[in-house]
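Quantities reported herein were computed from a predicted structural model and do not represent experimental measurements.
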Amino acid sequence: MTDTNSRNEEIVPETDLPFLDLASPQFSTRSDKVRRARRAAWCARTPYGLAVLRHREAGELLRDRRVRQGSYAWPESNGLSGSFAEFWGRSVIAQEGERHRSLRMVTSAALSAEFVESLRPAFSKIARDIVSGLSNNDCCEFMQDFANPFASRAMCLLLGLPANTWPSIARDAASLGLAMGVNCNAHAPVINAAHVRLEKLAHDLVSEARTADDSHSLVSRYVSRWDNHGSIDDSDLIDLVVITIFGGVDTTRSQLGNSMALFAEHPEQWRTLRQNPDLAANAVEESIRAFPTTTWVTREALVDFTYRGHDIRKGQTLHILVHSTSKDPEICRSPSFDITAPRKSHFGFGGGAHHCLGHLVARTDIACAIVELSRTFKSISLAHDPCWLPDSGNTGPISLPLVLSHEAP
């Protein structure tokens, strides 16, 4: 990508940029402070580098070959060491160049659109089964009663695990999710213990996929494609299974919680979804725009370069703030939560060479879940204030108490 600056464009000193304290547990990437910073400049200073606040610049930088995936450095930059940090440094997220292309090629083939679409009936059945247990309830704790079991049972389906193993999958995926929070170092023992357990599970699944008559699970699809690619070994495959569990469970669980919190705040949108279930896919996209569980996508400069009046230094981190860029007034004239509105693409799944490999699974299983929920519950509302993870890093509800109104028989 060529530089977008003219040679005579004035360079803006970094000290003139607004400052956003992304490291603070009290900071919200959806706050008025972020909106004010976006009005002032396309980027802001943070303790972790620069935050990218506008849509056009985010899209350009995600495709810019002068930057690489930046989350590989997250554990080190936050003082997180041990089993998880070592795994993270080996994972597909941390790779670049030919190795990254090889890992993506086999993973994308296994997670094809045809395969994911074939799972839609099973995802819907999981959701119906869980909803049936709530059908006589007037309230629920949504994360405990629906989001956790749904996301974890969907992962069990993908991996070919018995459905009753979901509680351990839920526990360990949630523990790994703490690694992406701004206070991750405080949870290091829990995070590392969860990784060790999931690594052992992944090893066993790979071994079983090679010996069992199984052509349906995602692990078997990984194995068949891995075995035809000589540059990738079993340790890569085991790491991929772990990151599949981590990303698949934690993202689905948290984004489901964020979505239902939005619907509780906007009951007219829930009514719209009930009347037109075909809007489910757009509802998923709108919930990510309005309340993303992945609050920023990270890149790191590979070289010194100048971009839109700012000198970017080699090694400097760029955080694409998902909510800010998707609600940029330049591309979003009506920022309210509206599942019928046509929108520009968001960056909740990243972009460019490191676009999230599991995005089809996340989009599909969340859509299946909210359709089944909307068919059963005439309305939803908050029973009392939810409890939240910090609204930066990876976020979502810790608890989400909902009042449920049933369709009259």
Side-chain angles (χ1 to χ4, degrees), residues 22-23 46-52 58 61-108 173 175-185 187-188 191-192 194-196 198-199 202 231-233 235-248 250-251 292-305 312-322 347-359 392-394:
L22 266 61
T46 82
Y48 303 129
L50 294 178
V52 180
L61 287 167
L62 284 170
R63 297 187 299 271
D64 198 312
R65 295 183 180 180
R66 296 169 296 185
V67 302
R68 61 158 295 169
Q69 214 281 348
S71 295
Y72 79 96
W74 179 259
E76 181 181 357
S77 64
N78 286 275
L80 184 60
S81 61
S83 176
F84 176 85
E86 293 166 7
F87 146 76
W88 195 252
R90 298 188 306 263
S91 72
V92 62
I93 286 175
Q95 305 305 314
E96 295 290 332
E98 184 57 37
R99 177 167 172 75
H100 177 251
R101 284 189 290 273
S102 295
L103 290 166
R104 284 191 70 89
M105 181 175 66
V106 294
T107 308
S108 297
S175 295
L176 288 198
L178 297 171
M180 296 294 101
V182 294
N183 55 353
C184 59
N185 196 35
H187 304 287
I191 293 166
N192 288 324
H195 172 258
V196 169
L198 288 176
E199 187 175 54
S231 67
I232 301 171
D233 60 28
S235 64
D236 297 315
L237 180 52
I238 290 166
D239 286 340
L240 181 67
V241 174
V242 173
I243 209 160
T244 298
I245 296 170
F246 171 33
D250 193 60
T251 300
T293 187
T294 301
T295 59
W296 63 63
V297 178
T298 304
R299 296 295 182 264
E300 181 183 288
L302 292 168
V303 295
D304 293 337
F305 65 98
I312 310 295
R313 302 181 302 279
K314 179 181 179 180
Q316 189 168 31
T317 303
L318 306 171
H319 296 287
I320 314 299
L321 268 58
V322 177
F347 302 114
F349 294 107
H354 280 273
H355 188 265
C356 175
L357 285 162
H359 72 98
S392 54
N394 276 20

_Side chains of Arg66 and Leu302, heavy atoms from C-beta outward: is any pair under 4.5 Å?_
no

_For Glu86, all residues meeting side chain to side chain donor-acceptor pair (under 3.5 Å), sequence neighbours excluded_ = none

*May I ask you to decide if the ring planes of Tyr48 and His319 are parallel, tilted or perpendicular, using 30° and 60° as cut-offs?*
perpendicular

*asked:* On a heavy-atom basis, which atom in Ser175 and which in Ile191 lie closest, and how many Å separate them?
replied: O-CG1, 3.4 Å

*Between Thr317 and Thr298, what is the shortest heavy-atom contact and its length?*
CG2-CG2, 3.3 Å

*Considering non-hydrogen atoms only, spot the tightest contact between Ile312 and Ala301 and give its length.*
CG2-CB, 3.7 Å

*Specify the closest pair of heavy atoms between Leu61 and Val67, including all atoms of both residues, with the distance to one decimal.*
O-CG2, 3.2 Å

_Quick check for you: to the nearest 0.5 Å, what is the distance between Asp250 atom CG and Leu178 atom CG?_
8.0 Å

*Which class fits the ring pair Phe84 and Phe246: parallel under 30°, tilted 30 to 60°, perpendicular over 60°?*
perpendicular

*What distance separates Leu62 CG from Gln69 CD, expressed to the nearest 0.5 Å?*
10.0 Å

*Looking at Gln95, Arg90, Arg99, which hits side chain to side chain donor-acceptor pair (under 3.5 Å) with Asp236?*
Arg99

*Verify, without hydrogens or angle tests, whether Trp88 (side chain) and Ile93 (backbone) share a donor-acceptor contact under 3.5 angstrom.*
no

*asked:* Does Glu76 have more than 12 heavy atoms from other residues, nucleotides or ligands lying within 6.0 Å of its CD?
replied: no

*Is a side-chain donor or acceptor of Arg68 paired with a backbone partner of Ala94 at a separation under 3.5 angstrom?*
yes

*Just by distance, do the side chain of Asn192 and the backbone of Ser83 share a donor-acceptor pair under 3.5 Å?*
yes

*Does Thr251 reach the side chain of Thr293, with side-chain heavy atoms less than 4.5 Å apart?*
yes

*Hey, does the side chain of Ser77 reach the backbone of Trp74 with a donor-acceptor pair shorter than 3.5 angstrom?*
yes

*Could you give the distance from CZ (Arg101) to OG (Ser108), rounded to the nearest 0.5 Å?*
13.0 Å

*Can Ile243 and Phe87 be said to form a side chain to side chain contact (heavy atoms under 4.5 Å, CB included), step by step?*
CA-CA 9 Å; Ile243 209 160; Phe87 146 76; 4.0 Å; yes

*From Leu50 CG over to Ile320 CD1, what is the distance, rounded to the nearest 0.5 angstrom?*
10.0 Å

*So, the side chain of Thr107 versus the backbone of Arg104: is there a donor-acceptor pair under 3.5 Å, distance only?*
no

*With a 4.0 Å cut-off, would you call Arg299 and Asp64 a salt bridge?*
no

*So, for Leu176 and Ala194, which heavy atoms are closest and what is the spacing to 0.1 Å?*
CD2-CB, 4.1 Å

_Any Val92 side-chain heavy atom under 4.5 Å of His100 side chain_ = yes

*What are the two closest non-hydrogen atoms of Pro75 and Ser71, and how far apart are they?*
CD-O, 4.0 Å

